[in-house]
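Data block below; observations after.
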Amino acid sequence: MPRMRVQICCHDLARASSLGRGLAGLAEHLLGAGFEVGLVCCRSDPDLAARFGGRLEVLDTAAGAGVAEVEAVCRAAMARSWAAQRPDVVVAAGWPFLTAAAAASAEGVGSLVVECGTPPELPGPPDGEALREWRRIRAETLPRVDGCLSASDFIRDTQSLDARGSEAGLRTVRPGSDHLAAASGDLSAAARADLARLDALRADAAPLLVALGADQDSGAASLLLH
């Protein structure tokens, strides 16, 4: 009997991405359970390539200048992929795979969208246009997928429910990644420098403020320390 094939799609599957960690863990769990698994992303890292090998495809989205354009690039790439090997289920972590998830549902492929709030990597100037385009695409596609998993009740009630249009197929499933499982050897030079500064502050008995967020070398951690 053929094994079920699951295709997992996410803009950023790198280790620094909270969502990426969770989806990589899902892929490993499904592989261990005997499923066929393929991963598609726009950003990865050497660790993921080593872990998943030929199961991982990294798309070149340089041709897409805006939110809708990157969606179109990913949708075309997914169509080519499905022509070669059709999945049974597509798990899409939102943008830029929303259009592909809706198309999968229309073609009889199970589709599930994971909602984790506004994507931090939306392209374009920070003038609100990218955010409005993302919301438009979500409003057009979320009602057409088979299921929608929100990362929190807050996201479910304030974002997913409005875009989905009903509670059908809508559930809250919290991310399952363990950020403390990474060894210190996985940390970047910038992260190590920030930790050294935190150790120095702690040694001086300074009060510490903990801000939970992505470790993406964006300079936000250094700004917070200042």
Using only atom types and a distance under 3.5 Å, with no angle test, would you say the side chain of Glu69 pairs donor to acceptor with the backbone of Gly66?
yes
Side-chain ion pair, Asp153 and Arg171, N-O less than 4.0 Å
no
One pair to check against side chain to side chain contact (heavy atoms under 4.5 Å, CB included): Glu71 and Glu133. What are the steps and the verdict?
CA-CA 11 Å; Glu71 273 274 347; Glu133 184 67 3; over 6 Å; no
Within a strict 4.5 Å, meaning less than it, do heavy atoms of the Val145 and Leu112 side chains meet?
no
Residue set satisfying salt bridge (charged side-chain N to carboxylate O under 4.0 Å, His left out) with Arg156, at least two apart, ordered chain then number -> Glu167
Donor-acceptor pair, Arg164 side chain versus Ala168 backbone, under 3.5 Å?
yes
Who are the side chain to side chain contact (heavy atoms under 4.5 Å, CB included) partners of Ala27, not counting sequence neighbours?
Ile8, Val37, Leu39, Phe52
Can you tell me how far the CG atom of Leu23 sits from the CG atom of Leu48, to the nearest 0.5 Å?
10.5 Å
4.5 Å side-chain heavy-atom contact, Leu31 and Arg55:
yes
Using modelled atom types only, decide if a donor and an acceptor are shared between the side chain of Trp95 and the backbone of Val67 within a distance under 3.5 Å.
yes
The test is side-chain hydrogen bond (donor to acceptor under 3.5 Å, both in side chains); show your working for Gln7 and Ser81 and say whether it passes.
CA-CA 10 Å; Gln7 191 171 46; Ser81 170; 3.3 Å; yes
CG-CG distance between Asp45 and Leu56, expressed to the nearest 0.5 angstrom:
9.0 Å
With Arg75 via salt bridge (charged side-chain N to carboxylate O under 4.0 Å, His left out) - residues at least two apart:
Glu107
Rounded distance (nearest 0.5 Å) linking atom CZ of Arg132 with atom CD of Glu129
4.5 Å
Nearest-0.5 Å distance, CG of residue Leu122 to OG1 of residue Thr118:
7.5 Å
Going by heavy atoms in the side chains, are Val6 and Glu36 under 4.5 Å from each other?
no
Is there a donor-acceptor pair under 3.5 Å between the side chain of Ser44 and the backbone N or O of Leu13?
no
Between Gly117 and Ile155 the two heavy atoms that sit nearest each other are N-CD1, 3.6 Å
Side chains of Cys10 and Leu19: closer than 4.5 Å at any heavy-atom pair?
yes
Nearest-0.5 Å distance that lies between atom OG1 in Thr141 and atom CZ in Arg136
9.5 Å
Does Phe154 have any side chain to side chain contact (heavy atoms under 4.5 Å, CB included) partners at least two apart in sequence or in another chain, and if so, which?
Ser152, Thr158
Going by heavy atoms in the side chains, are Cys41 and Cys9 under 4.5 Å from each other?
no
How long is the gap from OG on Ser166 to CG on Leu142, to the nearest 0.5 Å?
11.0 Å
Salt-bridge criterion met for Arg138 and Glu115 (N-O under 4.0 Å)
yes
Side-chain heavy atoms of Thr99 within contact of Ile137, under 4.5 Å:
yes
Is the closest side-chain heavy-atom distance between Arg5 and Arg86 below 4.5 Å?
no
Identify the heavy atoms of Ser111 and Ala101 that sit nearest to each other, and give their distance.
CB-O, 3.3 Å
Rest of the hydrophobic cluster containing Leu59 (Ile/Leu/Val/Met/Phe/Trp/Tyr, side-chain heavy atoms under 4.5 Å)?
Val40, Met78, Trp82, Val90, Phe97, Val109
Share the residues that join Leu170 in a hydrophobic cluster, the rule being Ile, Leu, Val, Met, Phe, Trp or Tyr side chains under 4.5 Å apart at the heavy-atom level.
Leu161
